[in-house]
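What follows is a short report on a single structure.
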Amino acid sequence: MTNDKKSEVDLLERIFMLEQQNKDLNNLNKELSLNEVKFHTVFDESPVGSVIISLDLRLVRCNEAFCRFLGYTESEILDKTILDITYPE
């Protein structure tokens with residue numbers, strides 16, 4: 001096999017490999033999107049109060065059950081830290 005032919009075969013193999021990786025990535029993105037929808041549905045529709053807190057203790061997201069439990073609106077809660085809504089010891 002000549003160098004030109006070998007280079008062409010190598011290039012075609014790389015193209016095939018990249019196409020396969022692209023398909024795999026697209027499948028993973030679809031799976032991730034589906035999992036995000038599932039998470040948000042469970043989080044938002046749960047009858048149990050749930051909250052997501054950042055590393056600096058800020059309330060990032062909460063569900064309606066959590067709002068009802070505390071008696072605040074979502075916008076009021078998201079202005080607070082976990083220390084603002086817990087009893088100091």
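What's counted below: heavy atoms across the whole structure, side chains too, no hydrogens, waters or symmetry copies.
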When you look at Ile77 and Cys67, which way does the side-chain contact (heavy atoms from CB on, under 4.5 Å) test go after all the steps? CA-CA 7 Å; Ile77 290 174; Cys67 293; 3.7 Å; yes

So Glu13 and Glu8, side-chain contact (heavy atoms from CB on, under 4.5 Å) or not? Walk me through it. CA-CA 9 Å; Glu13 287 176 349; Glu8 187 177 327; over 6 Å; no

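Between the Asn63 side chain and the Glu45 main chain, no donor and acceptor come within less than 3.5 Å of each other. Checked by atom type and distance alone, the side chain of Gln20 never pairs as donor or acceptor with a backbone atom of Met17 at under 3.5 Å. For Asp84 (side chain) and Thr81 (main-chain N/O), a donor-acceptor pair under 3.5 Å exists by modelled atom type.
Gln21 contributes atom CD, which lies 9.0 Å from atom CZ of Arg14 (distance to the nearest 0.5 angstrom). Considering CD of Glu74 and CG of Leu78, their distance stands at 5.0 Å, rounded to 0.5 Å. Summarising the geometry, atom CG belonging to Asp24 is positioned 11.0 Å from atom CG belonging to Asn29; distances are rounded to the nearest 0.5 Å. Atom CG of Leu57 sits about 5.5 Å away from atom CG of Leu83, to the nearest 0.5 Å. Distance SG/Cys62 to CD/Glu76: 10.5 Å, rounded to 0.5 Å. Atom-to-atom distance recorded for Leu70:CG and Leu59:CG is 8.5 Å, nearest 0.5 angstrom.
Contact between Gly49 and Ala65 at its shortest, heavy atoms only, is N-CB, 3.6 Å. Here the shortest heavy-atom pairing between Ile53 and Val60 reads C-CG2, 4.2 Å.
Phe43 pairs by the ring-ring contact (aromatic ring centres under 6.0 Å, His included) definition with Phe39, not counting sequence neighbours.
Grouping the Ile, Leu, Val, Met, Phe, Trp and Tyr side chains by contacts below 4.5 angstrom, directly or via other members, places Val48 apart from Val51. Under the 4.5 Å side-chain heavy-atom criterion for Ile, Leu, Val, Met, Phe, Trp and Tyr, Ile52 and Tyr72 are members of distinct hydrophobic clusters.
Heavy-atom contacts from other residues, nucleotides or ligands closer than 6.0 Å to CD of Glu64 number 12 or fewer.
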